[in-house]
K.L.:
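Structure incoming, see below.
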Amino acid sequence: MKTETVAMILAGGQGSRLGKLTKQIAKPAVPFGGNYRIIDFALSNCANSGINDVGVVTQYQPLILNNHVGNGANWGLNRHDGEATILQPYSSMEGEKFFKGTAHAVFQNIDFIDNKDPEYVVILSGDHIYKMDYQKMLDYHKEQEATLTVGVMPVPWEDASRFGVMNTDKTDRIVEFQEKPENPKSNLASMGIYIFNWSRLKKYLVDSQAKDRQLTDFGHHVIPAYLRNNEAIYAYSFEGYWKDVGTIESLWNANMEFLDPEHELNIRDRKWRVYSNNPNTTPQFLTESANVSNSMITDGCYIAGEIEHSILSHSVKVGKNSYIKNSFIMPNAVIGENVKIEKAIIGEGAHIHDGVEIIGTSDTIEVVGYDEEVGGYSDEK
Amino acid sequence: MKTETVAMILAGGQGSRLGKLTKQIAKPAVPFGGNYRIIDFALSNCANSGINDVGVVTQYQPLILNNHVGNGANWGLNRHDGEATILQPYSSMEGEKFFKGTAHAVFQNIDFIDNKDPEYVVILSGDHIYKMDYQKMLDYHKEQEATLTVGVMPVPWEDASRFGVMNTDKTDRIVEFQEKPENPKSNLASMGIYIFNWSRLKKYLVDSQAKDRQLTDFGHHVIPAYLRNNEAIYAYSFEGYWKDVGTIESLWNANMEFLDPEHELNIRDRKWRVYSNNPNTTPQFLTESANVSNSMITDGCYIAGEIEHSILSHSVKVGKNSYIKNSFIMPNAVIGENVKIEKAIIGEGAHIHDGVEIIGTSDTIEVVGYDEEVGGYSDEK
Amino acid sequence: MRNKVAPILNLVENSDKLKPLTNRRPVAALPFGCRYRLIDFPFSSLTGIEVPSAALFISGSGHSLYDHIRSGSTWGLESRVGGGVFTHSHINLKAELEGTELYTGNYYDDHYHFVSRSNAEYVLLMGSNMLSNVQLDSLMRFHLKKESDVTVVYKKIKRGEVRKDSIHTSLSMSESDSERIVGFNSIADLTDTENALLLNMEIMILDKETFLKLLYKARKQQKDVTVKNLIQFSLDDDKTIFGYEYTGYLKVIEDISSYFQANMDMLNEDNFNALFYRANPVLTKPKNSAPTYYGEQSEINNAQFANDCEVYGKVQNAVIFRKVSIAEGAQVENSIIMQDSCIEEDVYLNHVILDKHVYVKKGARLEGTIENPIVVAKDSIIYAEGDIEKGE
Amino acid sequence: MRNKVAPILNLVENSDKLKPLTNRRPVAALPFGCRYRLIDFPFSSLTGIEVPSAALFISGSGHSLYDHIRSGSTWGLESRVGGGVFTHSHINLKAELEGTELYTGNYYDDHYHFVSRSNAEYVLLMGSNMLSNVQLDSLMRFHLKKESDVTVVYKKIKRGEVRKDSIHTSLSMSESDSERIVGFNSIADLTDTENALLLNMEIMILDKETFLKLLYKARKQQKDVTVKNLIQFSLDDDKTIFGYEYTGYLKVIEDISSYFQANMDMLNEDNFNALFYRANPVLTKPKNSAPTYYGEQSEINNAQFANDCEVYGKVQNAVIFRKVSIAEGAQVENSIIMQDSCIEEDVYLNHVILDKHVYVKKGARLEGTIENPIVVAKDSIIYAEGDIEKGE
């Protein structure tokens, strides 16, 4: 059956600036906001935008990510007209194929896309926290008769030099692209969201492969090539909350912002829900000694201590007389008694033994890795 | 949850001796018997043996194979206590990892197996046509207190030199392994089916990786290493139909054998069903001009011609006055009018135009590739 | 995301004239065309539009339907994210169950809650006894283009295509606008001179708000939520009702004869292609199966089969369901043989419908006529002597 | 592959004393413990054994149950390869639906077909009103080791743990073999001096053949297929019946008071851990949800919550279901608040059960007692003036 639109979520990156948080798992699989992993936002956007055919390109440490995404059923993507498909490196008659860049990853999966035979391909990153209706962007793309539409966001002028910046004419047509320019001519930063006419993009990718194999990255190669050929490239402005949680600091910040019940993301909005793979676990148990304020707690938690302005993901245990403030605790962490945690991120399944103090400073956020054990006598080999 | 047994189906091979039939798809995904793909037999064996946790290791052209296997729901593997998981090459902090051999593929997926924490790992190939109760082999493995049990099959002595042969003592303990020996001491051929105690195998693989990285293949490296270390290796004899369909000739032969209503495989046995991913298509339509004898026809077929001693997979069309004999037609093939096909394999989606003759000889089987067009004027670019 | 539709399938359909086939199953669960049930056709047509969730109104236990539909995943109707198939058993009687109250659904409340809680903007009503394959996306576009309050699907048919005493209705169009519906009549009430008619196919689309208003009327007047009644309420309220013409294959399944004919119709390639290949692909619950084997001596002439059969005899103009075996020397003509039936050597069947799991013993002969095919109930055994051991 | 079990869940359970909570739902569908329904416990225990398919016998439309269970995939009971959940609506009455016959299942036939068609070797009977978490694999091992014809699960309890007029039964053991059941009595008939008893938990395992024999007896005598009756038939036939002792958490849900107590029991860590963490993980239908937010001024003391709540008030000894909001200044003690309820400012609730979707207006006060908690029906609105607008 012919599909109008296929979305490709590029989720293969390591996200090395997240340090030990992405040692064993890919960045899009990093937990967020108590009940989510980062990729849930892009997947939910697809589902809410009515795009049910989604390729999820994975490559780096994909076991947890693949398991999380499955066939997309948790996002309602397993309809008769689509589903989520994990796409990973593979070999063929032409040899072994790892993905060398964003555009190269799409090139390697041409067969997958061609099987769906879509008119449009939406290229997304699995790394960002935001809610966006891609269907509206697609409407815009059609209206403009664009061959490429780039999602952009106005950023403060002083920050513009940290982004890939799109210079547009009066009709919003993109006339120039500057990657991290010293003197930006525009404050429209690329969000890494692209809508392409598939047949056109495919031609570019195949031609490049036959020639010099230079089109490996969308920002660095494909957009400049499109500009050179005078393609109809338009900028689609997004105004709303959008966050790249690519560093420890931005991940912590985004979680602290997320705590605000008035947060622009409005996680409780029933009309644009953020779906996830919810674990089947027990209710939250707050004992007599618990003391919780301005915090998010998730099913499976057992809380006997004091929690202030923090997010506790599912199945976290906090012992008596422990105190957690301004922190983000990932799923299945076990925190003993008399523990003090401030301004920290505690990894999945970490074990903080009795009496330990983990306290960030005004400059730095403390991070405990996945399954890391802090304090106590360890009997493990 | 602790799992007793995890099965790993090694389905990454190209199967290059199948020529153009494995150009675009992996051998385990090659169609068989009208309603199946080769890997269905191994997957169904797992389901029927009560092994619900199955890793399917894919690497070569996996799109169709992955799509076919999905989460294993069609084989009843998506239970609360297990499911089928596709395992493909990935990258990690240590670099990019393609699978270099059967044992190396298992080494690369240690994390997957460790997550399931099994006592035993069953290693299977996705390439063989047979019905076997792995649970019985596991019982035997436990009884013998083996650290490795190898599935073996008695072959005619004159053929033994074409196989990896296991020499056993009186207790069925394997004392020597000969790969394609000129003068075989035994006629017990290895079927490429292994049951390992996981912790032991893991130690071998990890140690080897740390040292010389020599253990990449089970037959060539792991079994000899186990023998050197005097591990308890036992042979488990299987007696029944077993066929490696690794060549055009054996694939054709196996299909012709499969046609026999008295075939040992007994495909209609309700107690040991061979499951597949059945397409949702229309009934078989045999028109007034159809003439069918000693043949298997599958849903979605439209037959206006004559079919003799052949297997037609689902959704095959055969026009008037066409004649098909001793052939295996893969799904979605379209065969025009006045076509004559004998002793041939016609690939998925192939199109044989009116009046064409495709006739194998006593020595050779004619093969038409996937989506190949034979005869007619082609309007395609 | 746009034009979401909440379908309500009214499966409380009259099945008297379809007995004994409907003794233990509703019309919607009737087997059809080797591998389908009638419900597959409306369900498959739903795949053409955006359906967040569907409501089924059935009567009784609906066991055969539940077993077939399960989660609705076959038709993409299962969704973990809200939605799915909601089934309401409409038991329209004072029920008392030894001491405990019966958990009867509330007919009007069930409709109201389903529609008002759905995030769809449109409501679609349909049934299962009008065998057809309607492209609902095209219906939707028509409805929007016409800015109609209510749109109803009809087909031009000859009087003879339905029963003289049919319970269905014929639509009347406005003289000034031949697409606008201004009334309807019971087919049984038509005069003998009226040879052509616009059959109300009992498929209706309307926006949520209009539906809720009409539902309120139905509740107030204690009338069933049927397309016929909603057309009447719409006419009463001077709403604009447009007719959308369906030109594909249609058969009204209203008695054994029409059921038999519909199956036989499929042996005509034009009908077969019209129903299966011209609109939505028809999906049914997937079953694991082996290919059908045709033996050396089998002789087949214009027949359809499902997988999993073993055929050694002669079959002509017949529709054969799954897991049927036909032995050497047996002859099956102009018949419908349902799943799991076994036909032994030297049996002769002509104009016969075998329900599921019928055993026809060696040498037995059954011969009906095209107007009155012989129907053999489920689980029966038929002996050569002409004895039938009844299955129910 | 070995020891496959065909479970039959008898969900036609007496619910009179649980009204109004059971006005529109069977006991099996009663919400429990912030995010569960009672049926989740027997269903989850099934994950411990090999179950090819399960049969449910319910009464009436079972809408709330169907909606919860769907395909059974939550508990691994959905399977494309045969099996799955078969639901039989046991409508034990002469039903006539305007002209059409009602498709009532046939009670005994449904049992017979389910068991005889299953490829399981054993049959398990259980219900949903004995809240517990039984390790069925261990029961199975016991049954095999004892070479018992029939094994029944029991728990030693004090007389006071069930109603004086309880409809349940107490087992008597053989004097020579304290594991062998030789009889039973209705608890209501026990003399006042009997303080301890062996409660028949109405969970039974037996092989297929034995079950079919007992089913034949039930059909002949026109008696229900309950554990109690099957024990009686087994005794009549001199079959060996062994008792398997369950020592985990148990509460018999037989009236509002026991239902309330069971929920409150979970606030005790020992009970909570015994029910949830000592045997099978308890699985329920997954719901998409956001974490629960506890505001700056919230004060929580020994309470349980599901996800998706917003809590600004004081909560003590309470069990709070999904999507409940509790405003600042509100105080909820010793209460059960079901899904979608909204509690405004300055409300005071003590010993109260709010069914789903209850709205408690600013300043309202409700105070029950531990023996007689106030139960507010679904969809009600409660005003500060003490008025209750009934939801049903």
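Side-chain atoms are counted along with the backbone in the values below, which use heavy atoms only and exclude waters and symmetry mates. In the text below, chain A, chain B and the rest are named by the order of the sequence lines, each starting its count at 1.
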K.L.:
Classify the ring geometry between B:Phe41 and B:Tyr36 as parallel (under 30°), tilted (30 to 60°) or perpendicular (over 60°).
P.N.:
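Rings of B:Phe41 and B:Tyr36: tilted, as their planes differ by 30° to 60°.
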K.L.:
Just so I understand: if I count every heavy-atom pair under 4.5 Å between each of C:Arg322, C:Met266, C:Lys323 and chain B, which residue has the most?
P.N.:
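Option with the top pair count is C:Lys323.
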K.L.:
Heavy atoms only, distances under 4.5 angstrom: which of B:Ile267, B:Leu286, B:Val274 has the most pairs with chain C? Name it, please.
P.N.:
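The candidate making the most pairs under 4.5 Å is B:Leu286.
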K.L.:
Please list, one pair per line, the donor and acceptor atoms closer than 3.5 Å that link side chains of residues 275-282 of chain C to other protein atoms, with sequence neighbours excluded.
P.N.:
| unit_1 | atom_1 | unit_2 | atom_2 | d |
| --- | --- | --- | --- | --- |
| C:Tyr277 | OH | B:Thr282 | OG1 | 2.9 |
| C:Asn280 | ND2 | C:Asn133 | OD1 | 2.7 |
| C:Asn280 | ND2 | C:Val134 | O | 3.2 |

K.L.:
Test ring pair (Phe, Tyr, Trp, His ring centres under 6.0 Å) on C:Phe41 and C:Tyr36 and set out the steps.
P.N.:
CA-CA 9 Å; C:Phe41 294 85; C:Tyr36 302 95; 5.8 Å; yes
K.L.:
We want to know whether B:Gln284 and C:Asn307 form a side-chain donor-acceptor pair, criterion being a heavy-atom distance below 3.5 angstrom.
P.N.:
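A donor-acceptor contact under 3.5 Å links the two side chains.
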K.L.:
When heavy-atom pairs shorter than 4.5 Å are enumerated against chain C, which of B:Thr298, B:Ile297, B:Leu259 gives the highest number?
P.N.:
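The option with the most such pairs is B:Ile297.
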K.L.:
Without swapping roles, check the side chain of B:Lys131 against the backbone of B:Trp272 for a donor-acceptor pair under 3.5 Å.
P.N.:
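Yes; judged by distance alone, with no hydrogens or angles, the pair exists.
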K.L.:
Among B:Glu342, B:Glu308, B:Glu306, which one satisfies side-chain hydrogen bond (donor to acceptor under 3.5 Å, both in side chains) with B:Tyr323?
P.N.:
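Result: among B:Glu342, B:Glu308, B:Glu306, B:Glu308 is the only option passing the side-chain hydrogen bond (donor to acceptor under 3.5 Å, both in side chains) with B:Tyr323.
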K.L.:
Side chains of B:Val334 and B:Val318: closer than 4.5 Å at any heavy-atom pair?
P.N.:
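Counting from C-beta outward, B:Val334 and B:Val318 never come under 4.5 Å.
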K.L.:
In terms of heavy-atom pairs under 4.5 Å, which option from C:Val311, C:Val315, C:Val319, C:Thr284 contacts chain B the most?
P.N.:
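That would be C:Thr284.
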K.L.:
Counting heavy-atom pairs closer than 4.5 Å to chain C, which one of B:Pro261, B:Ser276, B:Pro283, B:Ser293 comes out on top?
P.N.:
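Highest number of pairs under 4.5 Å: B:Pro283.
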K.L.:
So which of B:Ile303, B:Thr281, B:Leu312, B:Ile307 has the biggest tally of heavy-atom pairs under 4.5 Å with chain C?
P.N.:
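Of B:Ile303, B:Thr281, B:Leu312, B:Ile307, B:Thr281 has the most heavy-atom pairs under 4.5 Å with chain C.
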K.L.:
Out of B:Thr287, B:Asn291, B:Ile311, return the one with the most heavy atom pairs under 4.5 angstrom to chain C.
P.N.:
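The option with the most such pairs is B:Thr287.
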K.L.:
Only pairs of heavy atoms separated by less than 4.5 Å count here; which of C:Glu269, C:Gln316, C:Gln297 has the most with chain B?
P.N.:
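Top count of heavy-atom pairs under 4.5 Å with chain B: C:Glu269.
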K.L.:
Within a 6.0 Å radius of atom NE2 on B:His309, are there more than 12 heavy atoms belonging to other residues, nucleotides or ligands?
P.N.:
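Yes, NE2 of B:His309 has more than 12 neighbouring heavy atoms, counting only those of other groups under 6.0 Å.
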K.L.:
Contact part of C:Asn317 toward chain B, heavy-atom cut-off under 4.5 Å: side chain, backbone, both or neither?
P.N.:
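Interface part for C:Asn317: neither.
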K.L.:
Chain B: which of C:Tyr312, C:Tyr294, C:Phe272 shares the most heavy-atom pairs with it under 4.5 Å?
P.N.:
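The candidate making the most pairs under 4.5 Å is C:Tyr294.
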K.L.:
Most heavy-atom pairs under 4.5 angstrom with chain B, which of C:Cys34, C:Ala290, C:Ser298, C:Cys309?
P.N.:
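The answer is C:Ala290.
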K.L.:
Name the member of B:His314, B:Met296, B:Arg268 that forms the most heavy-atom pairs with chain C at distances under 4.5 Å.
P.N.:
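Looking at each option in turn, the highest pair count goes to B:Arg268.
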